[in-house]
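For reference, the structure is listed below as structure tokens.
Any value given below was found using the heavy atoms of this structure, including those in side chains, with hydrogens, waters and symmetry copies removed. None of these values were measured; they are calculated from a predicted model.
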Amino acid sequence: MQNKYQNTNVKELLQKAPIDININIKGWVRTKRSSKGGFSFIELNDGSNINNIQIIADKKLDNYQDEIEHLRAGCCISVQGLSVKSQGKNQNIEIHAHKIQILGTVQDDYPISKGRISLETLRTMPHLRPRTNTIGAVMRLRSHLSHAIHNFFNQRDFCYLNTPIITASDCEGAGEMFGVTTNDKNDFFKQPAQLTVSGQLEAEAFALSLGKVYTFGPTFRAENSHTSRHLSEFWMVEPEVAFNNIDDNMQLAEDFLKSIIKSALTHCQDDMNFFDMRIEKGIINKLENICQSDFIRLSYTDAIDILTKSNKKFEYPLNWGCDLKSEHERYLCEEYFNAPVILTNYPATIKPFYMYCNDDGKTVRGMDVLVPGIGEIIGGSERETRVDIITKRMEQSGIDLHAYQWYLDLRRHGSATHAGFGLGFERLVQFVSGMSNIRDVIPYPRTPGHL
RNA sequence: UCCUCUGUAGCUCAGUGGUAGAGUAGGUGGCUGUUAACCACUUGGUCGUAGGUUCGAAUCCUACCGGAGGAGCCA
């Protein structure tokens with residue numbers, strides 16, 4: 001048994017720290033500290049976690065002068081060796097190499113060295129940037145968050161629904177859409193087709209039959225927005241629940257965010273520690289506090305009240321009926337409460353047709369969840385169920401009723417109270433990691449003018 | 001789309017009218033249970049592009065291109 005080399009990875013090796021075992025490990029060199037006289041220290045990373053394993057390469061190895069001495073950051077190697085307790089201070093375990101095989105060297109123009117590279121520069125090489133600590137950590141976190149979302153809904157008996165990516169309906173006229181056609185411009189679908197901006201309307205149909213559903217998929221907006229919080233292609237999570245009212249909806253959103261964040265704190269400790277140290281100091285503490293405190297619930301009317309009574313000078317004027325701007329949301333969330341805030345009961349005039357009209361005739365049961373540093377992370381509502389009212393509101397919004405007969409059918413046949421929300425997945429990854437630019441939390445960012 | 005900032009070595013940056021610099025990465029040599037290793041030497045740049053002002057422009061002016069931040073819009 002001792003002669004056989006066991007395959008393993010860096011994460012497992014560091015966790016179990018087995019001593020005097022022959023192991024085989026493959027990965028990419030992060031750094032090398034070497035000498036011609038003695039031996040070299042190689043730090044190896046294989047992506048299984050953020051930490052490296054230290055390899056000791058003695059000069060007696062056959063290929064020491066020819067190959068090992070020339071290793072640099074980025075080279076891919078396979079190591080067979082003995083795991084031993086480390087004499088050094090920064091690690092418990094290390095590997096004394098019996099054999100090091102070079103799987104892939106790097107050319108002179110390899111751009112990633114062990115020195116600092118800005119995130120901005122890394123964006124110019126999306127295929128190589130996952131080899132850095134930061135992007136690697138972000139992508140592992142992103143993967144975990146994705147699993148956590150599915151687990152959350154699965155545990156609550158939600159049905160995972162795949163809504164179409166190619167659609168015929170322009171949901172709520174929310175933003176510009178990308179057209180879909182063939183290269184020769186034939187009207188392939190015999191009618192105009194677009195990439196989806198939301199799966200909400202389709203999800204409503206399935207909520208009113210399966211009860212609890214959620215979508216989690218790509219979403220497209222052709223808005224020409226150039227900010228650190230917008231992408232042309234992003235991923236959205238959209239639960240939709242029959243018999244839920246606006247209060248249930250708020251509770252679901254709060255439970256959801258807390259559950260996902262807790263999961264990340266529990267299962268992504270190494271990466272979270274990295275974010276806390278290098279990306280946003282104190283983020284772990286901030287997230288823990290959010291999990292423990294209640295989200296503030298505030299009506300639009302009360303929000304306007306707080307804002308007008310504050311002595312803060314805002315660029316945009318405030319009066320009941322106007323939409324809240326970023327500066328207002330930021331003040332409420334980051335200064336006044338310094339906690340997540342759920343805003344509700346907005347004026348009907350500034351919200352889409354599908355939100356339930358309150359008895360006052362002026363406000364609708366919409367909600368926005370605001371978090372410090374990001375702003376709006378969730379938007380949702382209790383849906384309008386009364387066919388006469390929703391028809392009127394669609395007409396007022398200039399929506400072609402013809403194309404939405406199926407949607408009105410949902411109100412004509414077996415209608416029920418229901419509610420849901422949408423969460424921008426990349427904004428969640430941003431919030432949990434502390435990364436300031438949304439382009440750095442998706443593998444291949446798509447933004448205006450840039451693929 | 002609007003406003004502001006920015007573009008100098010592979011990377012991170014300094015250099016406000018007078019011969020293009022540092023650190024780091026890469027190379028060579030040395031040394032060491034090292035860990036942001038260390039010591040010495042060294043390769044490397046049409047200063048985003050195109051015009052203009054000037055005896056002389058990385059530096060001043062104009063236009064264009066790229067990047068970032070903010071706003072609007074949203075998730």
Side-chain angles (χ1 to χ4, degrees), chain A residues 30-44 51-59 69-74 84-91 94 96 106-125 128 132-133 171-176 197-200 218-238 278 314-316 323-327 329-330 350-352 368-371 374-380 421-431 436-440 442 447-450:
Chain A
R30 276 289 154 82
T31 75
K32 184 198 55 157
R33 298 176 285 274
S34 70
S35 78
K36 286 208 167 144
F39 44 85
S40 297
F41 299 93
I42 298 166
E43 286 200 36
L44 197 67
N51 300 306
N52 307 322
I53 185 76
Q54 178 164 277
I55 312 289
I56 315 297
D58 194 273
K59 68 174 176 185
E69 268 189 0
H70 298 288
L71 288 175
R72 48 177 284 208
V84 299
K85 190 166 169 54
S86 177
Q87 299 169 34
K89 286 172 184 167
N90 294 1
Q91 61 278 322
E94 65 191 19
H96 285 193
V106 301
Q107 306 294 305
D108 288 344
D109 59 349
Y110 184 65
I112 298 176
S113 58
K114 62 180 165 184
R116 299 248 156 79
I117 309 182
S118 67
L119 290 166
E120 188 183 325
T121 300
L122 287 172
R123 266 172 233 150
T124 66
M125 35 181 145
L128 295 176
T132 63
N133 282 337
C171 176
E172 63 180 288
E176 295 295 311
V197 294
S198 164
Q200 180 200 315
T219 310
F220 307 86
R221 303 274 168 94
E223 289 292 347
N224 189 18
S225 34
H226 202 229
T227 83
S228 54
R229 304 180 308 283
H230 288 87
L231 290 165
S232 308
E233 175 183 292
F234 64 100
W235 286 63
M236 191 149 66
V237 181
E238 295 178 289
R278 296 292 180 83
F314 295 112
E315 194 185 335
Y316 288 87
D323 208 351
L324 296 181
K325 306 292 185 189
S326 289
E327 56 174 347
E329 294 181 345
R330 193 162 296 154
I350 59 170
K351 289 292 178 184
D368 283 351
V369 181
L370 313 176
V371 293
I374 304 286
E376 185 182 342
I377 196 168
I378 282 178
F421 60 82
L423 166 103
F425 182 55
E426 282 73 19
R427 287 188 183 174
L428 176 72
V429 182
Q430 264 189 291
F431 183 62
S436 53
N437 196 310
I438 201 167
R439 298 171 194 118
D440 299 326
I442 187 167
T447 52
H450 190 68

Both distances under 3.5 Å, Watson-Crick or G-U wobble: report the partner of [N], or none.
{"N": "B/rG45", "value": "none"}
{"N": "B/rU62", "value": "B/rA50"}
{"N": "B/rU28", "value": "B/rA40"}
{"N": "B/rA68", "value": "B/rU4"}
{"N": "B/rG33", "value": "none"}

If the [atom1] atom of [N] is compared with that of [M], how far apart are they to the nearest Å?
{"N": "B/rU59", "M": "B/rU16", "atom1": "C1'", "value": "5 Å"}
{"N": "B/rA57", "M": "B/rG52", "atom1": "P", "value": "12 Å"}
{"N": "B/rA58", "M": "B/rC74", "atom1": "C1'", "value": "41 Å"}
{"N": "B/rU1", "M": "B/rU8", "atom1": "P", "value": "25 Å"}
{"N": "B/rC13", "M": "B/rC55", "atom1": "P", "value": "37 Å"}
{"N": "B/rU4", "M": "B/rG10", "atom1": "P", "value": "32 Å"}
{"N": "B/rU49", "M": "B/rC65", "atom1": "C1'", "value": "7 Å"}
{"N": "B/rC61", "M": "B/rG18", "atom1": "P", "value": "16 Å"}

Polar pair under 3.5 Å, donor/acceptor by atom type, side chain [X], base [N]:
{"X": "A/H96", "N": "B/rG33", "answer": "yes"}
{"X": "A/E327", "N": "B/rG72", "answer": "no"}
{"X": "A/Q87", "N": "B/rU34", "answer": "no"}

Would you indicate whether the side-chain heavy atoms of [Y] and [X] approach each other to under 4.5 Å?
{"X": "A/S232", "Y": "A/R221", "value": "no"}
{"X": "A/F41", "Y": "A/R33", "value": "yes"}
{"X": "A/E233", "Y": "A/T219", "value": "no"}
{"X": "A/E94", "Y": "A/Q91", "value": "yes"}

Candidate pair A/H450 and A/T447, rule side chain to side chain donor-acceptor pair (under 3.5 Å), full reasoning: CA-CA 5 Å; A/H450 190 68; A/T447 52; 5.7 Å; no
Counting only side-chain heavy atoms from C-beta out, which of [options] sits nearest to [X]?
{"X": "A/R330", "options": "B/rC73, B/rG70, B/rC11", "result": "B/rG70"}
{"X": "A/R72", "options": "B/rG26, B/rC73, B/rU34", "result": "B/rG26"}
{"X": "A/I56", "options": "B/rG67, B/rG33, B/rG72", "result": "B/rG33"}
{"X": "A/Q91", "options": "B/rA36, B/rC73, B/rU34", "result": "B/rU34"}
{"X": "A/R221", "options": "B/rA71, B/rC74, B/rG67", "result": "B/rC74"}
{"X": "A/T227", "options": "B/rA25, B/rG33, B/rG72", "result": "B/rG72"}
{"X": "A/N437", "options": "B/rG69, B/rA71, B/rU34", "result": "B/rG69"}
{"X": "A/P111", "options": "B/rC11, B/rG10, B/rG33", "result": "B/rG10"}

Comparing A/Y110 and A/T31 on RNA chain B - which has the more 5′ nearest nucleotide: A/Y110
Closest-nucleotide ordering on RNA chain B, the 5'-leading residue of A/L324 and A/H450: A/H450
Would you tell me if any nitrogen or oxygen in the side chain of [X] comes within less than 4.0 Å of OP1 or OP2 on [N]?
{"X": "A/S228", "N": "B/rG70", "result": "yes"}
{"X": "A/R278", "N": "B/rA36", "result": "no"}
{"X": "A/R116", "N": "B/rG10", "result": "no"}
{"X": "A/R439", "N": "B/rA68", "result": "yes"}
{"X": "A/S86", "N": "B/rG33", "result": "no"}
{"X": "A/S326", "N": "B/rG72", "result": "yes"}
{"X": "A/N224", "N": "B/rG72", "result": "no"}
{"X": "A/R33", "N": "B/rA37", "result": "yes"}
{"X": "A/N90", "N": "B/rA37", "result": "no"}
{"X": "A/K114", "N": "B/rA37", "result": "yes"}
{"X": "A/S225", "N": "B/rC73", "result": "no"}

Describe the nucleic acid contact of [X] in one word from base, sugar-phosphate, nothing, applying a heavy-atom distance below 4.0 Å.
{"X": "A/E315", "value": "nothing"}
{"X": "A/R229", "value": "base"}
{"X": "A/D368", "value": "nothing"}
{"X": "A/E329", "value": "nothing"}
{"X": "A/F421", "value": "nothing"}
{"X": "A/L231", "value": "base"}
{"X": "A/K89", "value": "base"}
{"X": "A/L428", "value": "nothing"}

A/K59 NZ/CZ over A/F39 ring centroid, <6.0 Å and within 45° of normal: no
Side-chain donor-acceptor pair present, A/T121, A/S118, cut-off under 3.5 Å: yes
Evaluation steps, side chain to side chain donor-acceptor pair (under 3.5 Å), between A/E69 and A/S34: CA-CA 7 Å; A/E69 268 189 0; A/S34 70; over 6 Å; no
Salt-bridge contact A/K351-A/D368 (side-chain N to carboxylate O under 4.0 Å):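 Between A/D368 and A/K351 there is a salt bridge, with a charged N closer than 4.0 Å to a carboxylate O.
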